[in-house]
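For reference, the structure discussed in these notes is given below.
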Protein chains: 2
Amino acid sequence: MSKDEEILEELSEFFKAFSHPVRLKIIINLMEGPQCVKNLGETLDMSQPSISQHLSILRNKGIVGCRREGSLICYYIKDPRVKKLYNLLIKEEISWQEKS
Amino acid sequence: MSKDEEILEELSEFFKAFSHPVRLKIIINLMEGPQCVKNLGETLDMSQPSISQHLSILRNKGIVGCRREGSLICYYIKDPRVKKLYNLLIKEEISWQEKS
DNA sequence: TGACTATATTTTGATATAATAATAACCTAA
DNA sequence: TTAGGTTATTATTATATCAAAATATAGTCA
């Protein structure tokens, strides 16, 4: 695969991370700060395995990172492009998320 | 479906448009100006039905629009978010596309 | 009208993704 | 070490997406 094709592959994989409403929700939540899986599950009212699966997709793409904190595992936004994308296109659409 | 969920659905569908390398290529080409299907097919070296299928996906999401010009059908970027996204995240990655 | 060019749609089979349930792994604290 | 809480993985099934081929549609021009 040529260098150019690799770039397009990587970019399309990046966007694929945002192409599922649940993953969008997760990313939006993490934009407010690191969160443990348990909190995410409660906030989003979803089953633990489902959250965990979507987190593993985001992790494999390098979109998020995680660290253990005691008995919890904390996820955070890792890819700097996420913040840019969030500010440019996502933030303005999700008025319900606005923090004063 | 709640209003919020609809917004997330729409956003994720938008990003899904960018989650395939061929569609990225098409979008990048259209960012340089409207193109007919034939030109796209030649530029990207792909079969006509394949181009046409991806174009129809982009059309259904409102990402691109098209108009007939004589015997050709011309596609163009329609969704204003595309330009923002292109300038923010795509342009800088695709050095091979640079126009002097 | 008929032939030709350009584009779209449909169908099929292969592959990827998704949701759910079940289970495993890992930490902490008693 | 055992129990309980937290997270990850696996397996299964359903669904969606993809590529390729075949076919259909629509416009143009002789």
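These figures come from a predicted structure and were not determined experimentally. Heavy-atom basis, side chains included; hydrogens, waters and symmetry copies ignored.
Judged by distance alone, with hydrogens and angles left aside, B:Q48 brings no side-chain donor or acceptor close enough to the base of C:dA6 to form a pair under 3.5 Å.
Here the side chain of B:Q53 pairs no donor or acceptor atom with the backbone of B:S50 at under 3.5 angstrom. Not a single donor-acceptor pair under 3.5 Å links the side chain of B:E93 to the backbone N or O of B:I90. Within the 3.5 Å criterion, the main-chain N or O of B:Q35 finds no donor-acceptor partner in the side chain of B:N39.
In this entry the distance linking CD1 of B:I73 with P of D:dT25 reads 15 Å, nearest Å. Distance A:L72 CG to C:dC26 C1': 13 Å, rounded to the nearest Å. If you take CG of A:L58 and P of C:dT17, they are 13 Å apart, rounded to a whole angstrom. One atom, CG of A:L55, and another, C1' of D:dT9, lie 14 Å apart when rounded to the nearest Å. Remark: C1' of C:dA8 and CD1 of B:I26 are 14 Å apart, rounded to the nearest angstrom. Across the protein-nucleic acid pair, B:I51 atom CD1 and C:dT9 atom P stand 15 Å apart, rounded to whole Å. B:R59 places its CZ atom 12 Å from the P atom of C:dT7, with the value rounded to the nearest Å. Between the CG atom of B:D45 and the C1' atom of D:dA19 there is a distance of 15 Å, rounded to whole Å.
Considering only heavy atoms from C-beta on, B:E13 stays 4.5 Å or farther from A:S19 through its side chain. With contacts defined as side-chain heavy-atom distances shorter than 4.5 Å, the pair A:M31/A:I77 qualifies.
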Look for any protein N or O under 3.5 Å of an N or O in nucleotides 28-30 of chain D and output each such pair with its distance, or none.
none

Between protein and nucleotides 15-18 of chain D, what N or O pairs are separated by less than 3.5 Å?
{"unit_1": "D:dT17", "atom_1": "OP1", "unit_2": "B:K16", "atom_2": "NZ", "d": "3.2"}
{"unit_1": "D:dC18", "atom_1": "OP2", "unit_2": "B:R23", "atom_2": "NH1", "d": "3.4"}

* Assess whether side-chain contact (heavy atoms from CB on, under 4.5 Å) is satisfied between A:Y86 and A:I94, documenting all intermediate values. => CA-CA 10 Å; A:Y86 178 82; A:I94 50 170; 3.9 Å; yes
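By the 6.0 Å and 45° rule, B:R81 stacks over the aromatic ring of B:F14.
The ring pair (Phe, Tyr, Trp, His ring centres under 6.0 Å) analysis of residues 48-81 of chain B, with sequence neighbours excluded, yields the pairs B:H20-B:H54.
The side chain of A:K38 has D:dT6 as its nearest neighbour among C:dT7, D:dA8, D:dT6.
Residue B:K83 places its NZ atom among 12 or fewer non-hydrogen atoms of other residues, nucleotides or ligands, all under 6.0 Å distant.
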